[in-house]
Participant: 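Encoded as structure tokens, here's the structure I'll be asking about.
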Amino acid sequence: MALILPGIASLEQHLSALLTHPEGYRPKRCPHCGRAGLWCHGCYGRKADRDRGGTLNPIAIARFRCPGCCRTCSRLPECIPPHRWYLWAVQQWALLALLAGRSCRALSREGMPGRHTLGRWMHRWRERFHLHAFALCQHDPGWGRYPGMATLWPAVLACMPLSAAMILVQHVGIAIP
């Protein structure tokens with residue numbers, strides 16, 4: 001399970017927070033065994049900057065080690081999704097464009113991720129829609145008025161960014177993205 005630190009909306013904010021307040025990234029408990037007192041275990045680099053030609057790459061991601069089970073974990077800032085190359089902001093733009101009827105091919109011509117990537121994202125969002133809707137409606141029951149993907153996601157994304165919505169989904173225990 002990926003650990004996400006909420007409230008960090010940009011890569012610049014993440015890099016600044018990592019330099020000035022790295023303790024904010026330390027999880028209180030090991031996600032594997034639940035023991036407290038995780039040790040700092042360095043950083044690993046991630047190529048998360050895809051908008052500015054990669055000038056900020058590699059982005060440092062803090063890693064921690066459990067003294068009990070000796071396993072490591074890391075904590076991502078809110079702006080970086082686990083297991084995907086593109087930031088949540090790009091995925092949000094793509095989701096809204098696809099729900100508005102744009103095609104994957106047309107979006108990929110505009111410099112978005114490739115059409116196969118967009119197709120995989122859309123397939124995954126459709127596949128997990130009922131889980132996401134369940135988790136989001138636990139946060140705000142009013143979203144239950146929107147029965148389908150084409151109506152729920154625009155309503156949710158009018159209230160919060162996709163990164164914050166995915167944090168709500170993760171808190172329920174549903175794997176993201």
Side-chain angles (χ1 to χ4, degrees), residues 1-15 17 31 44-61 73-177:
M1 171 185 260
L3 299 170
I4 298 175
L5 183 64
I8 298 184
S10 69
L11 295 177
E12 293 85 359
Q13 187 181 3
H14 164 65
L15 293 174
Y44 67 91
R46 183 159 166 186
K47 292 182 179 178
D49 182 17
R50 301 180 72 81
D51 293 339
R52 292 166 282 255
T55 56
L56 296 176
N57 287 333
I59 302 290
I61 304 294
C73 64
S74 58
R75 199 159 189 202
L76 294 172
E78 180 180 328
C79 61
I80 299 177
H83 312 295
R84 285 196 177 166
W85 285 15
Y86 292 92
L87 299 180
W88 287 120
V90 174
Q91 295 179 51
Q92 178 176 335
W93 190 86
L95 175 62
L96 289 174
L98 291 169
L99 289 176
R102 306 276 314 272
S103 71
C104 294
R105 184 179 299 269
L107 291 175
S108 67
R109 286 184 187 144
E110 295 175 7
M112 289 291 296
R115 63 185 169 98
H116 294 293
T117 298
L118 292 169
R120 278 194 311 273
W121 290 357
M122 196 62 181
H123 174 75
R124 181 78 170 178
W125 283 320
R126 282 190 181 124
E127 178 183 89
R128 309 201 113 227
F129 171 71
H130 293 294
L131 293 172
H132 293 166
F134 173 74
L136 293 169
C137 288
Q138 285 187 341
H139 174 73
D140 185 351
W143 287 333
R145 293 177 296 171
Y146 303 102
M149 188 171 163
T151 55
L152 176 65
W153 275 116
V156 169
L157 296 177
C159 299
M160 66 178 65
L162 183 60
S163 59
M166 287 293 115
I167 289 174
L168 292 175
V169 169
Q170 188 188 38
H171 280 282
V172 176
I174 298 170
I176 57 169

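Small disclaimer: the values here were computed from a predicted structure and weren't measured.
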Participant: Nearest heavy-atom pair of A164 and M160: which atoms, and what distance?
Facilitator: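 Between these two residues, the closest heavy atoms are C-SD, 3.9 Å.
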Participant: Please give me the minimum heavy-atom distance between E78 and P161, naming the atom from each residue.
Facilitator: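 Taking every non-hydrogen atom into account, OE2-CG, 4.4 Å.
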Participant: Less than 4.5 Å apart, any side-chain heavy atom of L131 and any of R128?
Facilitator: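 Touching, per the 4.5 Å side-chain cut-off.
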Participant: Could you walk me through whether E12 and L56 satisfy the side chain to side chain contact (heavy atoms under 4.5 Å, CB included) test, starting with their C-alpha distance in whole Å, then the side-chain angles of each, then the deciding distance to 0.1 Å, before giving a yes or no?
Facilitator: CA-CA 8 Å; E12 293 85 359; L56 296 176; 3.7 Å; yes
Participant: Do M166 and L162 make a side-chain contact, defined as non-hydrogen atoms from C-beta onward lying under 4.5 Å apart?
Facilitator: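 With C-beta onward as the side chain, the pair touches.
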Participant: Could you pull out the closest heavy-atom pair between A135 and I174, with the gap in Å?
Facilitator: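 Smallest interatomic distance, heavy atoms only, reads CB-CD1, 3.9 Å.
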Participant: For the atom pair SG (C137) and CG (L168), what is the distance rounded to the nearest 0.5 Å?
Facilitator: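 Output value for this atom pair is 11.5 Å.
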Participant: Assert yes or no for the condition that the ring centre distance of W121 to Y86 is strictly below 6.0 Å.
Facilitator: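 Yes - the distance between ring centres of W121 and Y86 falls below the 6.0 Å cut-off.
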Participant: Below 4.5 Å, heavy atoms only, C-beta onward: do L107 and R115 meet side chain to side chain?
Facilitator: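 No, every pair of side-chain atoms sits at 4.5 Å or beyond.
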Participant: Looking at side-chain heavy atoms only, is the closest gap between I61 and P77 below 4.5 Å?
Facilitator: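 Yes, at least one pair of side-chain atoms sits under 4.5 Å.
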Participant: Would you check, one step at a time, whether the test side chain to side chain contact (heavy atoms under 4.5 Å, CB included) holds for I176 with I167?
Facilitator: CA-CA 9 Å; I176 57 169; I167 289 174; 6.0 Å; no
Participant: Under 4.5 Å between any side-chain heavy atoms of F129 and R126, yes or no?
Facilitator: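 No, every pair of side-chain atoms sits at 4.5 Å or beyond.
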Participant: Does any N or O in the side chain of H14 come within less than 3.5 Å of the main-chain N or O of A60, such that one atom is a donor and the other an acceptor?
Facilitator: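 Side chain of H14 to backbone of A60: a pair is present.
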Participant: Checking side chain to side chain contact (heavy atoms under 4.5 Å, CB included) for the pair V172/Q138: CA distance, chi angles, key distance, verdict?
Facilitator: CA-CA 9 Å; V172 176; Q138 285 187 341; 3.4 Å; yes
Participant: CZ of R50: more than 12 outside heavy atoms within 6.0 angstrom?
Facilitator: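 It does: R50 CZ has more than 12 such atoms within range.
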Participant: Could you pull out the closest heavy-atom pair between S108 and P113, with the gap in Å?
Facilitator: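 Heavy atoms of S108 and P113 come nearest at CB-O, 3.4 Å.
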Participant: Strictly distance-based, threshold 3.5 Å: is any side-chain N or O of R109 a donor or acceptor partner for the main-chain N or O of A106?
Facilitator: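 Side chain of R109 to backbone of A106: no pair is present.
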Participant: How about T117 and R120: does a side-chain donor come under 3.5 Å of a side-chain acceptor?
Facilitator: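 Side-chain D/A pair, T117 to R120: present.
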Participant: If we only count heavy atoms from C-beta on, is the C79 to W88 side-chain gap below 4.5 Å?
Facilitator: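 Not in contact.
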Participant: Can you give me the closest heavy-atom contact between L136 and A165, atom names plus distance?
Facilitator: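 Answer, listing the atom of L136 first, then A165: CD2-O, 3.9 Å.
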Participant: In Å and rounded to the nearest 0.5 Å, what is the OH to CG distance from Y146 to L152?
Facilitator: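 Y146 atom OH to L152 atom CG measures 8.5 Å (nearest 0.5 Å).
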Participant: Taking only Lys NZ, Arg NE, NH1 and NH2, and the carboxylate oxygens of Asp or Glu, determine whether E110 and R102 approach each other closer than 4.0 Å.
Facilitator: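 A salt bridge is present here (some side-chain N lies under 4.0 Å from a carboxylate O).
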Participant: Are side-chain heavy atoms of I80 and L87 found at a separation under 4.5 Å?
Facilitator: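 When only atoms from C-beta onward are counted, L87 and I80 do touch, with a gap below 4.5 Å.
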Participant: Yes or no on side chain to side chain contact (heavy atoms under 4.5 Å, CB included) for L99 and W153, after CA distance, side-chain angles and deciding distance?
Facilitator: CA-CA 9 Å; L99 289 176; W153 275 116; 3.7 Å; yes
Participant: Closest heavy-atom contact between P82 and I4?
Facilitator: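 Closest heavy-atom pair between P82 and I4: CD-CD1, 4.3 Å.
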Participant: Given 3.5 Å as the limit, does a donor-acceptor pair link the side chain of D49 with the main chain of P58, or not?
Facilitator: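 Answer holds: no.
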Participant: At what distance, to the nearest 0.5 angstrom, does CG of L76 lie from CZ of R46?
Facilitator: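 It comes to 5.5 Å.
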Participant: Do Q91 and W125 touch side chain to side chain, with heavy atoms closer than 4.5 Å?
Facilitator: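 They are in contact (side-chain heavy atoms under 4.5 Å apart), so the answer is yes.
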Participant: Does a sphere of radius 6.0 Å around CZ in F134 hold more than 12 heavy atoms from other residues, nucleotides or ligands, not counting ones at 6.0 Å or beyond?
Facilitator: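 Incorrect, the count does not exceed 12.
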